There are 2 protein chains.
Amino acid sequence: MAPKRVDRAARREEILSAAVRVFARQGFAASRIEDVAAEAGIAKGSVYLSFDSREALLSAAFERLSERSATVLEQTAADGEPALERLSGLVRSAVAMLADEPDLTRVMVDLWAAGRHTGDGAPFDMAAVYRAYRGVVADLLRRAAEEGDLRPGVGEPEATVVVGAIEGCLVQWLMDPSVRLAGLAEPLLDVCLSGLRVSRQPSGPPDRRPSESYQGP
Amino acid sequence: MAPKRVDRAARREEILSAAVRVFARQGFAASRIEDVAAEAGIAKGSVYLSFDSREALLSAAFERLSERSATVLEQTAADGEPALERLSGLVRSAVAMLADEPDLTRVMVDLWAAGRHTGDGAPFDMAAVYRAYRGVVADLLRRAAEEGDLRPGVGEPEATVVVGAIEGCLVQWLMDPSVRLAGLAEPLLDVCLSGLRVSRQPSGPPDRRPSESYQGP
DNA sequence: TTATTATGACTGACCAGTCAGTCATAATAG
DNA sequence: CTATTATGACTGACTGGTCAGTCATAATAA
C-alpha cells in the first residue's frame, strides 16, 4: 500500500531550504511562490503539497531559526564550567550559528517585519526568542557574579545589552556585507566583559580563542 | 489670479507623517496607499500630488530618519570636551532620538528589509548610515584612547560592537515593547565602558546621569 | 487498475497608479 | 458689494497587471 514513495518530510525540507535561499536573495515581500518552486526545481502547485500558504513558508523559516536558537541555548546548559566561561561560549556559539547560516540569518529581517504585529502566542513570536536569550544570559550573569567573576548587581538590562550587541552586529552585517560577522564575537566579548576604559585588570589581555564552537544540527 | 494656495511642503510633511504612523502600525508591506490617505484625511489620488509612488513614501521616511541620524552625529561634533564624554553623549543622544520618535523607529525594520537589496548608491542606503555612525564612534574611541581614558588598540571592531549594542537593543524593543528602550542607554554605556568583569576601577561606580540629551530638529 | 504525486493553466481578489471631472478660492470686472 | 472667471487642489471610479491559491488532468509506481 504505497505507490510512488516520496519522503514527505525530506521534500518539505528541500522546499523550505529553497524558500530560505529565495527569501535571502530577494526578501520575502518580493518572493513569489513561483520563484520558490523554480529554485526547488518543481512546479508551483507542488509547493502547496507541502505548505498551506506563502505565509506558512515564512513561518517554517521562523521555526527553523527558532530551533537553531534553542540548540545554542541548550548547548550552554552544560553545567560544571564557570558561568563566565559558559557565557562566552554562548556568545561565540550564537555568532557562529548566525555566520554559518547566512541565508537563514538574512531572512531574519523579514521575520522581524512579520513578527512585529503579532501578539504573544502568534505564529512568529520573535519576542519569545529574545526573551529566552535574555533569560539565559541574565541567569549566567548572576551566577558569574556569585562566583566572583563579574561585578555584582548585573541583571536584565545588562543581559539586554549583551544580546543586543549580537543582534546589532547582525544588523550591520545585513546592511553591509563587508562587515565581518564571525570576526566580531571576540571584540564583542572583549568590550562587554572587559569594557573599553583603561585596563585595570592584573590578569593581562583577555584570551583570544580561535572562535567557532557552534555545532549545528 | 491665485486660487486656493496650499503650502505644498507642509502638505507633503503631513502626508509623510501619516504614512509613518500607518507603516509603524501595520508595516510597510500591509500598508495600502488608501490607508495612508485615510490617515491623512485626504483622498487616495491626492497622495500622488505629493509623492510619485508608494516606494517614494518609504524613501521619504528613510530621508527623515537619515536626517535625524545626521543631527545626532553633528551634535557630537562639538570639540573641547574629552572624547569619552562626547562618546557617552553620542550614545545617549542616539538612544533618546530613537525613543523620542517611536513611529519613525518602528519603520526602521521596513527600511532594513527594503535596503537590503540595494547597492551602494541606492535609494535606501542604510549601510551608509551605519558606516557614518561607526566612523564617528571609532574616531572618538581612538581619541579617547589617546587621551588616556580608554585602553589602546580600540578601533573599527569595537565601534561596530558599540553601534551594534544600540541597534540590538532597538531590535528587542521592536519585537517586545515591554523592553524599555530609553532606560537602556545607561546600562549600555556601563557595560561597554566599564565591562562586566569584577570592578577594578578605583573611581567608584560609573556616574548615572539623568539621561536624555537629544534635542531633535 | 488504483492510489498517490506532480503539474501548470486558470480564476478571482487585490491594489498601484491614472485621469476626467468637481469644487473652493481668489482675483478681477462691473 | 456681487458676479464672473481663472486656477489648481482635490477626488474617487476605473484600469491593467500581478499573484496566491485551486483543480482538472497527467504521470508514475505498486
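What you see is a predicted model; the values in this text were computed from it and never measured. Throughout, protein chains are lettered first and strands after them, A, B, ... in sequence-line order, and every chain is numbered starting at 1.
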Original post:
Rounded to whole angstroms, how far apart are CZ on Phe51(A) and P on dA20(D)?
Top reply: 15 Å
**OP:** Run the salt-bridge test on Asp35(A) and Arg32(A) with the 4.0 Å N-O cut-off and return the result as yes or no.
**Re:** no
**OP:** Name the closest nucleotide to the Arg54(B) side chain, picking from dC10(D), dA6(C), dA16(C).
**Re:** dA16(C)
Original post:
Any side-chain N or O of Arg8(B) under 4.0 Å from OP1/OP2 of dA9(D)?
Top reply: yes
Original post:
Are the charged groups of Glu81(A) and Arg86(A) less than 4.0 angstrom apart, N to O?
Top reply: no
Subject >> Nearest-Å distance for atom pair CD1/C1', residues Ile15(A) and dT7(C) >> reply: 13 Å
**OP:** Check whether any side-chain nitrogen or oxygen of Arg11(B) sits under 4.0 Å from OP1 or OP2 of dC10(D), and answer yes or no.
**Re:** yes
**OP:** Report the distance from atom CZ of Arg12(A) to atom P of dT5(C), rounded to the nearest whole Å.
**Re:** 15 Å
Original post:
CG of Asp110(B) to CD of Gln26(B): how many Å apart, nearest 0.5 Å?
Top reply: 11.0 Å
Subject >> Residue matched to dC23(C) through Watson-Crick or wobble contacts both under 3.5 angstrom >> reply: dG8(D)
**OP:** Could you please name the option among dA9(D), dA20(D), dG12(D) that lies closest to any side-chain atom of Tyr48(A)?
**Re:** dA20(D)
Original post:
Between dA6(C), dG21(D), dG17(C), which nucleotide gets closest to the side-chain atoms of Ser53(A)?
Top reply: dG21(D)
Original post:
Toward the 5' end of DNA chain C, which comes first, Ile33(B) or Ile42(A), by nearest nucleotide?
Top reply: Ile42(A)
Original post:
Between atom NZ in Lys44(B) and atom P in dC19(C), what is the gap in whole Å?
Top reply: 14 Å
Original post:
With a 4.0 Å cut-off, would you call Asp176(A) and Arg116(B) a salt bridge?
Top reply: no
Original post:
Can we say Arg92(B) and Glu186(B) salt-bridge, meaning some charged N sits less than 4.0 Å from an Asp/Glu carboxylate O?
Top reply: yes
Original post:
Starting at CD of Glu34(B) and ending at C1' of dG12(D), how long is that distance when rounded to a whole Å?
Top reply: 8 Å
Original post:
Among dG17(C), dG21(D), dT11(D), which is the nearest nucleotide to the side chain of Ala43(B)?
Top reply: dT11(D)
Subject >> Spacing between Leu49(B) atom CG and dG17(C) atom C1', to the nearest angstrom >> reply: 12 Å
**OP:** Provide, to the nearest angstrom, the distance between the CZ atom belonging to Arg32(B) and the P atom belonging to dG17(C).
**Re:** 11 Å
**OP:** For the side chain of Ser46(A), starting at C-beta, report the closest nucleotide among dA9(C), dA9(D), dA6(C).
**Re:** dA6(C)
